[in-house]
Every structure is written in C-alpha cells, then in structure tokens.
Q: 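This is the structure, below, for whatever I ask next.
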2 protein chains.
Amino acid sequence: MTTKEEPPSRALATQLRAKIQRGDYAPGEKLPSERTLAAEYGIARNTAAEAVRLLAEEGLVTRQHGKGNFVRGEQALIRLGSDRYSPKYRESGLSPFLLECEKQGKVGRFEVLSVEKIRSPEWVADELGVENGSNVLERENVFWASDDPVYRVTTYVPWGIAKGSGLLRDEIPHKYGIHGIFEDKGYVMARIRESVKTRMPTPEEAEHLQLPSGVPVLEVVHTSLTAEQTAYEVTRFVMRGDMSGLLYNMPVE
Amino acid sequence: MTTKEEPPSRALATQLRAKIQRGDYAPGEKLPSERTLAAEYGIARNTAAEAVRLLAEEGLVTRQHGKGNFVRGEQALIRLGSDRYSPKYRESGLSPFLLECEKQGKVGRFEVLSVEKIRSPEWVADELGVENGSNVLERENVFWASDDPVYRVTTYVPWGIAKGSGLLRDEIPHKYGIHGIFEDKGYVMARIRESVKTRMPTPEEAEHLQLPSGVPVLEVVHTSLTAEQTAYEVTRFVMRGDMSGLLYNMPVE
DNA sequence: TAGTGGTCTAGACCACTGG
DNA sequence: CAGTGGTCTAGACCACTAT
C-alpha cells in the first residue's frame, strides 16, 4: 500500500504519479481519458478529473481542452547568468539571452510593449533612491523564445537621466543597447543588486506568459549601480518558472 | 462586466479576488463559508468550493479544514543574501539566517536530519568535478523560523575531504561551523556559484515544509570554490517560496 | 461527427475544529 | 454538539479538437 487510506482521487493521483516517474508514461505522452480512468478505477468521472487536476497543480501534467491530458516534459531552462551585463558580450552583438535561445534551437527576440513617463511606485523609488512619486521612465518588454513568451520585463529610469535621451524611443538608437546610452551619459555599471523570489502568477500574468496551471514565476528585481553606488536603473523581471532559471557566479568579498 | 461569459466558479473567484485586493477582506480574515457563498450566489456548494480552490492555487487564500478559508497575508521574506558566507559574520557568531529571523521576531534554528556516506548523484558529481558515483558525504538539515520549517538543505562533500573530519559528526565541532572545518583543511572560499530555479513542491516536500497549495519552492544549488576554482562543497536548498527570497550583490566583472 | 476536457447540479457522508 | 471544509456520486450539457 502506497499510503494508508487515501481517498480515491488522491489514490489515483498517486498511482499516475508513480507511473509518470517510473516512465510508464513518457514525457509528452497522453494519459488515458478521464472517462477511461474513471471506468477502470470504478470511480466517477469527476473524481478521475480531480486526480488529474492534482497532478496538473504539481506541474506534472498539462491539461488540454479537447485533446487530452499530457505528461509535462522537462523544459530546457533558459538561464540568465550574472555575467549577462559583462562587457564581453559587447562586440559579438549577442546577448546571453539570445545565446541561450540559440543553444536550444530557438529564436530569441523581444518586443517593446510601452515606453512611458510615470510617477514612480514606492518600491522603484526605494531602489533608485529617489523621492516617492517622482517622475521616472518606464519601459515594458516581452522576451520570446521562438513562440513562447518567457519574460515580462519592466525597466525604470529616473527621469533626470532618461530625459532627452534615446531611452524614450521604442527602438534603442545605440549599438550597445540601453546600457550603451547609460554609459554615454556617464553611468557605468560597477555593481548589480538583485533580489529573487517566487510566487504563483496572477491571472493576468498567466495569460500573458501563456502559463498552464502548476507553473510558478520567478520575480527578479535588478538594480544597476555605478562605482559610486548610485542606482540609475531598476528592472523587474517576471519569468515563467518552467522555462527559466538564474545562474550567479561571484567572488566572496 | 469584469470579463465576458465567465462560468460561475470563475466569476465568483473574480469577485472574491477583487474584494481581497481591494481590502474588503483583509489579510488573515475568514471568507464566508462555502455554503454561505453558494446560497448568496445561487450556485451549488461544489461550485463555490471550486472558486475558493482557484484562489488557493493562486496563493491568495489558505484553506483550513474544519475552520474556514482565510485570506493569505503577505509573509515577511527571510532573505538569504549573497554575503552569507562573508567572514564578517564570523566573530558575531550570528549567521545571516539567524539575523533575519531575529529581525522578524522569530527564533531561527536548524536540525540535522542525517549524515551519511553515499554514492554521488550525477548532478553532484558534475558540480564537484568528481567521478559520477564516487563517494561523498551527505548532510541533510532543516532550518526553522520559530515553528515553520523554511528550508530543506542537503550538503555534499567529496569523501576525500570529509573523511576523518568533524563533518561526519552530527554537531559540527568547530567554532565557525562547517566552513571553519573546510578552512582548516585548506579549502578557503574564494568564489561561489549558484543556480536558482522554481517549481511546485513534490508531495513529499509539501509535507516536510508544511506547504499549503499555491506555494512554490525555490531550488538553489550552491557550490563553493577555492581561489584555484576547485569545488569542494555543494549544497542544495529547497526553500518555501512564501517565506524566503534571495538577495545578490556583486561586482560586474 | 466523435472524443476529450470544462463545468455544473443536488445531495450525501466523512473528518476536522472548537465550544 | 454545530459549523466548516474534503470528497464522492451520477448525470448532464457545453466547448474545443480533430477527422
């Protein structure tokens, strides 16, 4: 007996989970239909569906309306490394994100959703060390790996820095991108500060990132600092958890 | 109309979500009972329960058998910083984990679950740069913040390093803990490498960490390196997402 | 059109919590 | 004990996918 006295839906979930982990159902494979499972186990269809839902919440199974329930295959993670701002990527013209996508046979690209002047939310003001509610530039982007949206990214820059610069345009008019513009204005990245947490997506995020149930997001808040410890840019990444990860490599100080 | 043509369970979920976010139901507050909701909205109890379940999956609500459904309050995060291995914590005798707990009025402690000699799993061998299946020491711990288990931690050390050392004992016989022992043997931490990802907990992890549904975990794999880039220790953290986060602060190289 | 999941109903009984 | 969630049943109809 796997466990003692599990109710039918959980018992079925336990059996299916074991079969998945044992490889009886391979990644990508379709599970028996809920009606079939119900008949085989002598339970109501609702109860079989409940078992499948439990597995979906664990991230083991994806449910597809009209098609069936499928074993979720492990996705290769697109790892954003702590060296992603390193000058070494400059000349190649390739960003770490694009490199990672390529490594996996995908096509990376990003899309500008909006560029606006807004009043800073409190957490942005805190990170930037400016007054709460002061003007900041907000740029919103989506990063795609082939047809999957993987990151939802929002960048904030103090208005005093952004004003009159190429940052206001949709297409960044600089060979080295957004950070090229900062450097031209004298803001050279010396340190970065990043906070990481995880949570379930809001319904809105789930829609934007096309997330099935059972997939959390990583929320990363990145701050760029000059050698004088001046914060000149904050970026918030919302990353789909099943396709992304982080990699840090740093000295102990 | 919030959306068009939502089915009853989702419609109720949408309404409750709005009330929660608006503060009509405060954090910690009890929602109306499922039977009450069902009566008020003219739907079956199952349907009302389904709405609540949706909110639980999003992490907004915690369901408590026999008591009721409650709005989940934001937990203060225990942030493990990248400086947690910094020598500056040495003399104080306080670890960053304990400091964070204290800051929140909690009592931090940890418990040793097991200390064993095993054959290295593949990922451990890869991180340590040793042969797959070679002997390693495995130490398993749980970290508590007052009565909540927050991290499940497993450390691996090449057997050649661990053999005959204090690492084999349950209680580490060194004033500076496990890393004190490494240093005495000539392994001084010069760099760290950490990979971070998120996922839903396995049922086992959910039980160990006492996780309600709608709470993902952070999985961090930490590797300690000497100045010569020799990896001498790997640790895997499984952290409950609603109570923990990470904080990195590092130079751009 | 047939097959699959999405969802609902109405009623039932069990299991847990708290007085 | 009463109140609450946990779960099940049996049947129904809808919505989506594929042929």
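Per chain, numbering begins at 1; letters A, B, ... match sequence-line order. Values reported hereafter were calculated over all heavy atoms of this structure, with side chains retained and with hydrogens, waters and symmetry mates removed. Not measured: the values here are computed from a predicted model.
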Q: Would you please confirm or rule out a distance under 4.0 Å between OP1 or OP2 of D/dG3 and any side-chain N or O of B/Lys67?
A: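 So the side chain of B/Lys67 is outside the cut-off, no N or O lying under 4.0 Å from OP1 or OP2 of D/dG3.
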
Q: Picking from D/dC8, D/dG6, C/dT9, which would you name as closest to the side chain of B/Ile43?
A: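 Nucleotide nearest to B/Ile43's side chain: C/dT9.
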
Q: When you check the gap from the basic side-chain N to the acidic O, do A/Glu204 and A/Arg152 get nearer than 4.0 Å?
A: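 Salt bridge absent between A/Glu204 and A/Arg152.
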
Q: Using the side-chain heavy atoms of B/Pro8, tell me which of these nucleotides is nearest: C/dC8, D/dT9, D/dG5.
A: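 So the side chain of B/Pro8 is nearest to C/dC8.
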
Q: Mark yes or no for a side-chain to base donor-acceptor pair under 3.5 Å between B/Arg53 and D/dG5, with no hydrogen or angle criteria applied.
A: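 By the distance-only test, no, there is no pair.
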
Q: Which pair of heavy atoms, one from A/Leu54 and one from A/Ala13, lies closest together, and at what distance?
A: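 Looks like CD1-CB, 4.2 Å.
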
Q: If you go through the side-chain atoms of A/Arg45, does one of them form a donor-acceptor pair with the base of C/dG6 closer than 3.5 Å?
A: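 Indeed, a donor on one side and an acceptor on the other fall under 3.5 Å apart.
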
Q: Measuring from the side chain of B/His65 (C-beta onward, heavy atoms only), which nucleotide among C/dA15, D/dT4, D/dT9 has the closest atom?
A: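 The answer is C/dA15.
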
Q: So, A/Gln104 side chain and A/Leu77 main chain: donor-acceptor pair closer than 3.5 Å or not?
A: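 Confirmed, A/Gln104 side chain pairs with A/Leu77 backbone.
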
Q: Could you work out which one of C/dT7, C/dA15, D/dC8 sits closest to the side chain of A/Glu50?
A: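 Of the options given, the side chain of A/Glu50 lies nearest D/dC8.
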
Q: Name the residue closer to the 5' end of DNA chain C, choosing between A/Asn69 and B/Arg35 according to the nucleotide with the nearest heavy atom.
A: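 That would be A/Asn69.
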
Q: With a 4.0 Å cut-off, would you call A/Glu219 and A/Arg236 a salt bridge?
A: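 Salt bridge: yes.
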
Q: Among D/dC8, C/dG6, C/dT4, find the nucleotide with the atom closest to the side chain of A/Ser33.
A: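 Output: C/dT4.
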
